[in-house]
Amino acid sequence: MSDTTDHSALMDQTYRYQRLIYDVTRKYYLLGRDHLIEGMNVAPGERVLEIACGTGRNLALVRKHYPQAQLFGLDISDQMLTTARAKLGAEVALAQGDACQFDPKTLFDVAHFDHVILSYSLSMIPDWQGALTEARRHLAPGGQLHVVDFGDSAGLPGWFQRLLLAWLAKFHVSPRVTLDRAMRSCATNTDMLTVQTLYRSYAFYGHLTKGA
């Protein structure tokens, strides 16, 4: 099997049953997601794509905040998409695909997006730098990339960091401690980039606006 097929099968296996309780359990430690969505400032009619949309929890919140936006979701796990379809209905276009290589024209019949979200997904994607580059590639000029994920937890006690890493490893999650550097490498001279840490470096937030 290809690496993409392998990863798809792994995610399906991991979340076949976890997806049923995912939203309830993850709200306690996937911090910063609501902060990201509330700050997006999506104009009516703009296209919003979430890569690795999972159960559709974030897209449901985006729809609540920005009801006139056009919403799209991509995920490699068909199991997760089963839950997302039930939650979001036909108003949100969902497709199975690889975050590191996908064609929005084929999947959604659109050329690009005004907003792309990567929320606690890069820490689960093997080629996460490739996914970051791919996300930027599918932005329209002036489009915005919104990233939130685990930080290095440098401001938190060592025992907490060790427990967190052990817990995350059970779900094939690895915090990308060089994410700030990767976003800077991904940005061009015409892009605008802001990066910050949240909750004593528990979470990382990055915002990139694509230049013309």
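All values below were derived from every heavy atom in this structure, side-chain atoms included, with hydrogens, water molecules and symmetry-related copies excluded.
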Undergrad: Check whether any side-chain heavy atom of Val62 sits under 4.5 Å from a side-chain heavy atom of Leu71, and report yes or no.
TA: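 Side chain of Val62 against side chain of Leu71, heavy atoms only: contact under 4.5 Å found.
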Undergrad: Please list all pairs meeting ring-ring contact (aromatic ring centres under 6.0 Å, His included) that have one or both residues in residues 69-95, counting only residues at least two apart or in different chains.
TA: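 Passing the test, one end in residues 69-95: Phe72-Phe108, Phe72-Phe113.
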Undergrad: Enter the distance from Ile51:CD1 to Ser119:OG here, rounded to the nearest 0.5 Å.
TA: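 Taking CD1 in Ile51 and OG in Ser119, the distance rounds to 12.0 Å.
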Undergrad: Output yes when Asp152 and Arg176 qualify as a salt bridge under the 4.0 Å nitrogen-oxygen rule, no when they do not.
TA: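 A salt bridge is absent here (no side-chain N lies under 4.0 Å from a carboxylate O).
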Undergrad: How many angstroms lie between atom OG of Ser123 and atom NE2 of His172, to the nearest 0.5 angstrom?
TA: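 Rounded to the nearest 0.5 Å, the OG-NE2 separation comes to 13.0 Å.
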Undergrad: Cluster question for you: counting only ILVMFWY and a side-chain heavy-atom cut-off of under 4.5 Å, with indirect links fine, are Tyr202 and Leu163 together?
TA: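 Yes, one cluster joins them.
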Undergrad: In Å and rounded to the nearest 0.5 Å, what is the CG to CG distance from Leu88 to Leu59?
TA: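 Leu88 atom CG to Leu59 atom CG measures 6.0 Å (nearest 0.5 Å).
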Undergrad: Which heavy atom in Leu122 sits nearest to a heavy atom in Leu118, and how many Å separate them?
TA: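 Closest approach of Leu122 to Leu118: CD2-CD1, 4.0 Å.
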Undergrad: Can you tell if the side chain of Arg47 reaches within under 4.5 Å of the side chain of His115, non-hydrogen atoms only?
TA: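 Counting from C-beta outward, Arg47 and His115 never come under 4.5 Å.
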Undergrad: Quick one: CD on Glu46 to CG on Asp114, what's the gap to the nearest 0.5 Å?
TA: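 Reported to 0.5 Å precision, the distance equals 4.5 Å.
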Undergrad: Go through the steps to decide whether Cys53 and Leu74 satisfy the test side chain to side chain contact (heavy atoms under 4.5 Å, CB included), and finish with yes or no.
TA: CA-CA 6 Å; Cys53 64; Leu74 177 79; 5.8 Å; no
Undergrad: Just wondering, do Val48 and Gln70 contact through their side chains at under 4.5 Å, heavy atoms?
TA: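 Result no, sub-4.5 Å side-chain heavy-atom pair not found.
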Undergrad: Determine, step by step, whether His207 and Gln196 satisfy the side chain to side chain contact (heavy atoms under 4.5 Å, CB included) criterion, reporting the C-alpha distance in whole Å, the side-chain angles of both residues, the deciding distance to 0.1 Å, and the verdict.
TA: CA-CA 9 Å; His207 176 260; Gln196 65 181 111; over 6 Å; no
Undergrad: Using modelled atom types only, decide if a donor and an acceptor are shared between the side chain of Ser201 and the backbone of Thr197 within a distance under 3.5 Å.
TA: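 No; zero donor-acceptor contacts below 3.5 Å.
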Undergrad: Using 0.5 Å steps for rounding, measure from the OG atom of Ser185 to the CG atom of Asp180.
TA: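 Ser185 atom OG to Asp180 atom CG measures 9.5 Å (nearest 0.5 Å).
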Undergrad: Would you confirm whether Asp75, through its side chain, and Gln96, through its main-chain N or O, come within 3.5 Å as a donor-acceptor pair?
TA: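 A pair under 3.5 Å: no.
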Undergrad: Given side chains that start at C-beta, do those of Leu164 and Ser153 come closer than 4.5 Å, heavy atoms only?
TA: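 Yes. Closest side-chain heavy atoms under 4.5 Å.
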Undergrad: Kindly compute the distance separating CG (Leu36) from CD (Glu38), expressed to the nearest 0.5 Å.
TA: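 Leu36 atom CG to Glu38 atom CD measures 9.5 Å (nearest 0.5 Å).
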Undergrad: List for me each residue that meets salt bridge (charged side-chain N to carboxylate O under 4.0 Å, His left out) alongside Glu91, sequence neighbours excluded, and say none if there are none.
TA: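 Arg63.
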Undergrad: Is any side-chain heavy atom of Ile117 closer than 4.5 Å to one of Leu49?
TA: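 They are not in contact (no side-chain heavy atoms under 4.5 Å apart), so the answer is no.
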Undergrad: For a side chain to side chain contact (heavy atoms under 4.5 Å, CB included) check, start with the C-alpha distance between Leu198 and Leu31, then their side-chain angles and the critical distance, and finish with the verdict.
TA: CA-CA 9 Å; Leu198 306 171; Leu31 307 179; over 6 Å; no
Undergrad: Trp128 and Ala182: which non-hydrogen atoms are nearest, and at how many Å?
TA: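 That closest heavy-atom pairing would be CZ3-CB, 3.5 Å.
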Undergrad: On a heavy-atom basis, which atom in Val42 and which in Ala69 lie closest, and how many Å separate them?
TA: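 That would be CG1-CB, 3.8 Å.
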Undergrad: Considering only heavy atoms from C-beta outward, does the side chain of Leu193 approach that of Arg184 to under 4.5 Å?
TA: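 They are in contact (side-chain heavy atoms under 4.5 Å apart), so the answer is yes.
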Undergrad: Which pair of non-hydrogen atoms, one from Lys210 and one from Arg137, has the smallest distance, and what is that distance?
TA: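 Heavy-atom minimum between the residues: NZ-O, 3.5 Å.
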Undergrad: Between Arg136 and Leu208, is any pair of side-chain heavy atoms under 4.5 Å apart?
TA: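 Yes, their side chains come closer than 4.5 Å.
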Undergrad: Can you tell me if CD on Gln101 sees more than 12 non-hydrogen neighbours from other groups inside 6.0 Å?
TA: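 Incorrect, the count does not exceed 12.
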Undergrad: Would you name the heavy atoms of Val116 and Ala135 that are closest together and state the gap between them?
TA: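 Looking at all heavy atoms of both residues, the closest pair is CG1-CB, 3.9 Å.
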Undergrad: Between His146 and Tyr205, is the ring centre distance below 6.0 Å?
TA: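 They do not qualify: ring centres at least 6.0 Å apart.
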Undergrad: Would you please test Phe204 and Val148 for side chain to side chain contact (heavy atoms under 4.5 Å, CB included) and show each step?
TA: CA-CA 6 Å; Phe204 167 90; Val148 64; over 6 Å; no
Undergrad: Quick one: do Phe160 and Leu168 end up in the same hydrophobic cluster if we chain Ile, Leu, Val, Met, Phe, Trp and Tyr together by side-chain heavy atoms under 4.5 Å apart?
TA: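 Yes, it is one cluster - the side chains of Phe160 and Leu168 are joined through contacts under 4.5 Å.
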Undergrad: With the side chain counted from C-beta on, respond yes when Leu145 and Met183 share a heavy-atom pair under 4.5 Å apart, and no when they do not.
TA: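 Contact flag for Leu145/Met183 side chains = yes.
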Undergrad: Do any N or O atoms from the side chain of Glu134 and from the backbone of Phe102 form a donor-acceptor pair under 3.5 angstrom?
TA: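 Between the backbone of Phe102 and the side chain of Glu134 there is a qualifying donor-acceptor contact (under 3.5 Å).
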Undergrad: Looking at Arg85 and Asp78, is any side-chain nitrogen of the basic one under 4.0 Å from a carboxylate oxygen of the acidic one?
TA: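 A salt bridge links Asp78 with Arg85.
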Undergrad: Checking ring-ring contact (aromatic ring centres under 6.0 Å, His included) between Phe150 and each of Phe171, Trp167, Tyr199, Tyr120, which is the one that passes?
TA: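 With Phe150 as partner, Phe171, Trp167, Tyr199, Tyr120 yield a single ring-ring contact (aromatic ring centres under 6.0 Å, His included), made by Tyr120.
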Undergrad: Tell me the closest heavy-atom pair linking Pro175 and Gly151, and the distance in Å.
TA: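 It is CB-O, 3.8 Å.
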